[in-house]
Amino acid sequence: MSAVAEVLSTVAHNPDPRGSDLPTCPVCADSMVAAEASAYLTDNIISYLWTCDTCGYGFVTKHALKRIACN
Ligand SMILES: [Zn+2]
């Protein structure tokens with residue numbers, strides 16, 4: 001239940017998420033809409049858990065966050 005709330009919150013704060021960051025399913029090539037969950041691996045690496053609504057395939061992506069203050 002809490003995961004759903006997180007996803008909705010994430011979408012609401014990103015008015016135009018359909019950009020270059022959204023992955024596609026490696027099995028059926030469907031577009032991912034929102035991550036199921038996210039977790040910080042380090043201070044500037046975040047991982048997202050994606051689950052395909054079409055085929056149910058799950059996978060994880062990792063993203064490096066750019067820091068403006070500590071560059
Ligand atoms: Zn799929």
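Order of listing sets the numbers, starting from 1, for every ligand and every atom in it.
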Distance col, row Ile46:CD1 vs Leu65:CG, nearest 0.5 angstrom, shows 5.5 Å
Listing protein N, O or S under 2.8 Å around the Zn ion (ligand 1) gives Cys25 SG, Cys28 SG, Cys52 SG, Cys55 SG
Working to the nearest 0.5 angstrom, can you tell me the gap between Cys25 SG and Tyr57 OH?
7.5 Å
Steps toward side-chain hydrogen bond (donor to acceptor under 3.5 Å, both in side chains) verdict (Thr51, Asp53)
CA-CA 6 Å; Thr51 302; Asp53 285 338; over 6 Å; no
More than 12 non-hydrogen atoms from neighbouring residues, nucleotides or ligands closer than 6.0 Å to CG on Asp30, yes or no?
yes
Let's go through Trp50 and Val60 carefully: what are the C-alpha distance in whole Å and the side-chain angles of both, what is the deciding distance for side chain to side chain contact (heavy atoms under 4.5 Å, CB included) to 0.1 Å, and is it a yes or a no?
CA-CA 6 Å; Trp50 306 87; Val60 172; 6.0 Å; no
Going by the side chain to side chain contact (heavy atoms under 4.5 Å, CB included) test, name the single residue among Glu36, His63, Met32 that passes it with Tyr48.
His63
